[in-house]
Engineer: 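Take a look at the following structure, please.
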Amino acid sequence: MHESIPSTLAPENWPFSLELLPQPAYMVGGAVRDAILGRTREYLDLDFVIPSKAVKVARAIAHHYKAGFVLLDAERQIARVVFPHATADFAQQEGDSLEVDLHRRDFTVNAIAYNPHTQEIIDPLQGYADLQQGILRMVSPANLEDDPLRLMRGYRQAAQLGFTIEPATQAAIRSLASHISKVAAERVRVEIGYLLANSQGTRWITSAWEDGLLAPFFKNTTRESLIKLAAVDNAAALLTQNWQQLGAQLQEYVRDSIKTTWLGIAKLACLVNPDPELAEIELHQLTYSRAEIRGVTTALKLLPQLQVVDMSLREQYFFFHDADIVFPATVVLAVALDNLVEAMSGDKPLHTAVETKARCCLIWAPLINRYLNPDDLVAHPTPLVSGKELIIALDIPASPIIGQMLTEIGVAQAEGKVSTPTEAIAFARQLQQRTAGK
Ligand SMILES: Nc1ccn([C@@H]2O[C@H](COP(=O)(O)OP(=O)(O)OP(=O)(O)O)[C@@H](O)[C@H]2O)c(=O)n1
Ligand SMILES: [Mg+2]
């Protein structure tokens with residue numbers, strides 16, 4: 001018996017009226033699980049199982065609320081209704097009874113149903129008890145094999161829920177690991193994305209790698225790569241302590257429609273092949289977007305420059321130009337790897353947090369401060385003249401030389417040598433004469 005039905009399951013909190021659901025109909029999956037756990041989410045994601053005519057029901061609800069309607073699978077009768085702050089999926093029951101349907105799911109905690117008409121919890125696999133103990137237990141090895149993405153979902157949900165994977169389940173995952181290659185790369189990428197974004201993710205990515213689930217996608221990942229991941233987490237915490245704004249940027253998404261944060265980009269850079277060209281191939285195969293791939297390869301390419309102390313202003317100018325919005329990911333990676341080199345370099349004791357902080361301030365603080373200051377002319381140049389103005393002032397034809405001159409003016413401005421349009425044009429004239437004199 002279950003003591004109480006959580007109020008978050010109540011139809012009052014749904015985006016549509018219970019009256020529009022036929023009898024019987026069941027709520028299943030993550031929404032039931034999370035409600036029992038008392039987990040709330042900003043964005044509601046509800047799943048319903050209906051014995052028949054699921055698509056028709058979904059269509060009627062969408063029509064009634066003028067909500068979006070997406071037919072997800074005509075054959076299996078699955079449709080989605082998209083509300084402004086929630087989505088609801090309606091699926092035809094699989095098999096002859098709800099119990100059969102629940103037995104086809106991945107983990108027991110995801111196989112609990114709730115009947116909103118009777119307020120009854122239907123739990124044939126004792127998922128409720130596993131929820132209370134924080135355990136992810138497979139329904140059966142055959143179910144994991146049926147949709148091998150479930151192998152990866154186990155680690156992702158363990159991270160998100162703060163659960164452990166029951167030993168026999170983990171053993172089954174390990175023995176089925178090679179099946180992960182059959183899954184569409186895009187679905188795998190989504191799971192990896194959740195793991196990279198989660199604060200507990202590193203521990204579970206490590207388990208997933210140990211159990212053979214990552215090797216098909218990241219051939220170069222080693223034990224050391226995973227130590228680097230943990231170092232990135234620590235570096236991010238350290239940087240956030242000192243520069244809140246930089247920390248916030250690490251949590252931002254690369255692009256709105258993309259699920260990877262800048263911190264995730266730094267972590268991906270630890271998992272991929274360190275050669276940017278080979279990293280690009282790996283990420284492309286996992287269906288990462290161009291923006292994400294560029295983020296990782298830029299961080300990898302620029303990293304060596306951040307390991308040099310005392311960059312000249314000119315070097316800094318070009319560094320910021322190349323890094324652009326990838327700066328936060330690159331710097332967090334540099335801090336992480338620096339700690340790692342220190343930590344792994346033999347008999348010296350590990351740095352204390354205070355020492356690491358001091359080193360961080362010494363080496364990267366000047367660059368971070370420039371990056372965070374919108375008026376800094378090294379990190380954020382504001383052109384004194386345009387190409388067109390140069391063409392007119394110097395009376396020369398358009399050519400790549402103009403671009404080169406603009407760059408040199410930018411560097412001179414960063415170095416404090418020029419600060420007005422007139423000075424910039426005079427400077428360009430000198431450049432012109434110098435090249436003409438050669
Ligand atoms: N590969 C999958 C995907 C989903 N499910 C079942 O379908 C439900 C809903 O799927 P989904 O919304 O993808 O996952 P949730 O468990 O709800 O988790 P979240 O929404 O947090 O991703 C799951 O709970 C599970 O019962 C499954 O068995 N196998
Ligand atoms: Mg869900």
Side-chain angles (χ1 to χ4, degrees), residues 8-9 14-15 25-50 54 58 70 72-73 76-83 85-95 98-114 121-128 130-131 134-163 165 169 172-173 176 179-180 182-198 200-201 204 213 259:
T8 34
L9 284 179
W14 298 357
Y26 307 94
M27 195 195 244
V28 293
V32 178
R33 175 197 69 215
D34 290 348
I36 295 172
L37 286 174
R39 288 175 94 229
T40 50
R41 294 205 216 178
E42 269 170 56
Y43 192 86
L44 267 186
D45 160 25
L46 306 175
D47 287 288
F48 293 91
V49 165
I50 302 178
V70 189
L72 294 176
D73 190 330
R76 290 166 64 212
Q77 285 274 306
I78 308 174
R80 172 167 297 172
V81 181
V82 184
F83 298 93
H85 299 289
T87 59
D89 287 356
F90 298 85
Q92 184 113 314
Q93 176 181 293
E94 285 203 32
L98 176 70
E99 275 71 13
V100 171
D101 182 295
L102 295 175
H103 274 90
R104 291 195 181 160
R105 292 175 183 266
D106 52 4
F107 299 100
T108 62
V109 296
N110 293 334
I112 307 172
Y114 168 67
I121 294 266
I122 302 110
D123 181 22
L125 290 146
Q126 283 85 50
Y128 199 100
D130 284 336
L131 269 187
I135 292 175
L136 278 172
R137 187 194 306 274
M138 65 186 162
V139 170
S140 73
N143 288 16
L144 296 181
E145 197 174 338
D146 276 346
D147 177 3
L149 183 73
R150 292 169 170 170
L151 304 168
M152 196 83 101
R153 270 171 64 86
Y155 299 83
R156 187 262 289 185
Q157 296 201 326
Q160 285 181 332
L161 302 171
F163 277 26
I165 301 179
T169 302
I173 294 176
L176 292 167
H179 293 259
I180 194 69
K182 296 184 211 156
V183 180
E186 190 187 352
R187 299 176 76 206
V188 173
R189 174 188 32 89
V190 171
E191 297 300 324
I192 292 172
Y194 282 125
L195 281 166
L196 293 178
N198 188 278
Q200 298 301 310
W204 289 105
L213 288 176
K259 291 274 185 276

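If you read the sequence from its start, that first residue is 1, and numbering goes on from there. As the structure lists them, so they are numbered: ligands from 1, and atoms in each ligand from 1.
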Engineer: Can you find an N or O of Y194 that's nearer than 3.5 Å to an N or O of ligand 1?
Structural biologist: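 No, since none of the N or O atoms of Y194 sits under 3.5 Å from an N or O of ligand 1.
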Engineer: Quick check on contacts: which atoms of ligand 1 are under 4.0 angstrom from a heavy atom of R156?
Structural biologist: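 Listed by number with element, the hits are 19 (P), 21 (O), 22 (O).
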Engineer: Which residue and non-hydrogen atom of the protein lie closest to atom 12 (O) of ligand 1, and at what distance in Å?
Structural biologist: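 Checked against all protein heavy atoms, atom 12 (O) of ligand 1 sits closest to D47 OD2, 3.6 Å.
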Engineer: How far is atom 8 (C) of ligand 1 from the closest protein heavy atom, and which atom is that?
Structural biologist: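 Closest protein heavy atom to atom 8 (C) of ligand 1: R105 NH1, 3.6 Å.
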Engineer: Any N or O of R33 that comes nearer than 3.5 Å to an N or O of ligand 1?
Structural biologist: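 Right, the criterion is met.
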Engineer: Before signing off on this row, confirm whether G30 and ligand 1 have an N or O atom pair separated by under 3.5 Å.
Structural biologist: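 Checking ligand 1 against G30, an N or O pair does fall under 3.5 Å apart.
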Engineer: Taking all heavy atoms of Y114 and all of V32, pick out the closest pair and write down the distance.
Structural biologist: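 Scanning both residues, the minimum pair turns out to be CB-CG2, 4.3 Å.
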Engineer: Between D123 (side chain) and Y128 (backbone), is there a donor-acceptor pair under 3.5 Å?
Structural biologist: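 Confirmed, D123 side chain pairs with Y128 backbone.
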Engineer: Could you find the nearest protein heavy atom to atom 1 (N) of ligand 1 and give me its residue, atom name and distance?
Structural biologist: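 Looking only at protein heavy atoms, the one closest to atom 1 (N) of ligand 1 is D147 OD2, 2.8 Å.
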Engineer: Determine whether the side chain, the backbone, both or neither of D45 has a heavy atom under 4.0 Å from any heavy atom of ligand 1.
Structural biologist: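 For D45, the contact with ligand 1 is made by the side chain alone.
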Engineer: What part of R150, side chain from CB on, backbone N/CA/C/O, both or neither, has a heavy atom under 4.0 Å from ligand 1?
Structural biologist: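 Under 4.0 Å from ligand 1, R150 contributes side-chain atoms alone.
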Engineer: Identify the two heavy atoms, one from L98 and one from A113, that lie closest to each other, and give their separation to 0.1 Å.
Structural biologist: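 Closest heavy-atom pair between L98 and A113: CD2-CB, 3.7 Å.
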Engineer: Can you find an N or O of Q157 that's nearer than 3.5 Å to an N or O of ligand 1?
Structural biologist: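 Among all N and O atoms of Q157, at least one is under 3.5 Å from an N or O of ligand 1.
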Engineer: Should the proximity of R41 to ligand 1, defined as any heavy atom under 4.0 Å, be assigned to the side chain, the backbone, both, or neither?
Structural biologist: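 The part of R41 near ligand 1 is the side chain, not the backbone.
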Engineer: Quick one: closest heavy-atom pair of I165 and A158, and the distance?
Structural biologist: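 Heavy atoms only, the tightest pair is CG1-CB, 4.1 Å.
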Engineer: Go through it in stages, so that I can follow the logic: the residues are R187 and D147, the test is salt bridge (charged side-chain N to carboxylate O under 4.0 Å, His left out), and I'd like the CA-CA distance, side-chain angles, deciding distance and then a yes or no.
Structural biologist: CA-CA 11 Å; R187 299 176 76 206; D147 177 3; 3.0 Å; yes
Engineer: One residue to check: N110. Relative to ligand 1, which of side chain, backbone, both or neither has a non-hydrogen atom less than 4.0 Å away?
Structural biologist: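 The part of N110 near ligand 1 is both the backbone and the side chain.
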Engineer: With a sphere of 6.0 Å drawn around CD of Q200, does it hold more than 12 non-hydrogen atoms of other residues, nucleotides or ligands?
Structural biologist: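 Not buried by this count: 12 neighbours or fewer within 6.0 Å.
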Engineer: Please give me the minimum heavy-atom distance between G154 and L136, naming the atom from each residue.
Structural biologist: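 Answer, listing the atom of G154 first, then L136: O-CD1, 3.1 Å.
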Engineer: Taking all heavy atoms of Y194 and all of Q160, pick out the closest pair and write down the distance.
Structural biologist: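 So the minimum-distance heavy-atom pair works out to CD2-NE2, 3.3 Å.
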Engineer: Can you name the closest pair of heavy atoms from F107 and T169 and give their distance?
Structural biologist: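 Nearest heavy atoms, F107 then T169: CE2-CG2, 4.0 Å.
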Engineer: Hey, does the side chain of R80 reach the backbone of L72 with a donor-acceptor pair shorter than 3.5 angstrom?
Structural biologist: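 No; judged by distance alone, with no hydrogens or angles, the pair does not exist.
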Engineer: Run the side-chain contact (heavy atoms from CB on, under 4.5 Å) test on D130 and L125 for me, step by step, so that the C-alpha distance in whole Å, both residues' side-chain angles and the decisive distance to 0.1 Å come before the verdict.
Structural biologist: CA-CA 9 Å; D130 284 336; L125 290 146; over 6 Å; no
Engineer: Taking the side chain from N110 and the backbone from R33, do they hold a donor-acceptor pair closer than 3.5 Å?
Structural biologist: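 No: the side chain of N110 does not pair with the backbone of R33.
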Engineer: Return the residue, atom name and 0.1 Å-rounded distance of the protein heavy atom closest to atom 13 (O) of ligand 1.
Structural biologist: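 Scanning the protein heavy atoms, the shortest distance from atom 13 (O) of ligand 1 goes to R153 NH1, 3.3 Å.
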Engineer: Protein N, O or S atoms at less than 2.8 Å from the Mg ion (ligand 2), how many?
Structural biologist: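 Step by step: take the Mg ion (ligand 2), keep protein N, O, S below 2.8 Å, and you get 1.
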